[in-house]
Amino acid sequence: MWHGFSPPREADTSIRCKACGGNLQARRTCHEAHLYCPACRERRELSDYLAHMDEALERFLEALNCDRI
């Protein structure tokens, strides 16, 4: 059985959604990471928000395997 480090599945960020202004969440699946807006209930692409990256998103992405980004 594997007992290694498991990165978090989601993290709250201070990055604002371009559509509604709500705070985005960083989320991951087994194969990729993305941003999600709880207010709009829409998925957002990381590439659209990289210029606005905050410390929470940076820590979240640091914990992921590179093939998920």
Side-chain angles (χ1 to χ4, degrees):
M1 181 151 56
W2 183 68
H3 295 285
F5 170 75
S6 179
R9 290 252 177 221
E10 63 183 51
D12 293 326
T13 73
S14 62
I15 302 169
R16 298 293 194 162
C17 175
K18 293 178 182 178
C20 75
N23 285 1
L24 296 172
Q25 293 177 333
R27 292 187 173 182
R28 74 173 175 93
T29 65
C30 291
H31 301 287
E32 65 185 356
H34 62 274
L35 294 171
Y36 177 77
C37 180
C40 294
R41 296 183 181 177
E42 294 286 334
R43 177 187 163 139
R44 306 289 182 214
E45 293 300 321
L46 282 170
S47 59
D48 294 338
Y49 291 88
L50 289 180
H52 307 286
M53 187 182 296
D54 68 353
E55 188 174 329
L57 180 57
E58 190 171 333
R59 280 194 316 267
F60 181 80
L61 293 175
E62 284 176 349
L64 299 182
N65 294 329
C66 289
D67 61 349
R68 288 196 180 132
I69 299 174

Give the minimum heavy-atom separation between M53 and I15, together with the two atoms involved.
-> CA-CD1, 4.0 Å

Who passes side chain to side chain donor-acceptor pair (under 3.5 Å) against E55, sequence neighbours left out?
-> R59

Scanning both residues in full, the closest heavy-atom pair of A33 with L61 reads CB-CD2, 4.3 Å

Grab the two heavy atoms, one from P38 and one from N23, that are nearest each other, plus how far apart they are.
-> CD-O, 3.5 Å

Backbone N or O of A56 within a donor-acceptor pair of the T13 side chain at under 3.5 Å?
-> no

Should L57 and L46 be marked as a side chain to side chain contact (heavy atoms under 4.5 Å, CB included) after you check the CA-CA gap, both sets of side-chain angles, and the distance that decides it?
-> CA-CA 10 Å; L57 180 57; L46 282 170; 4.0 Å; yes

Rounded to the nearest 0.5 Å, what separation is found between the NE2 atom of H34 and the CD atom of Q25?
-> 9.0 Å

Considering all heavy atoms, the nearest R44-Y49 contact | CB-CE1, 3.6 Å

Could you grab the distance from atom CZ of R27 to atom CD of E10, nearest 0.5 Å is fine?
-> 5.0 Å

Main-chain N/O of G21 paired with R16 side-chain donor or acceptor, under 3.5 Å | yes

Atom pair CD/CG of E58 and L50 - distance to nearest 0.5 Å = 11.0 Å

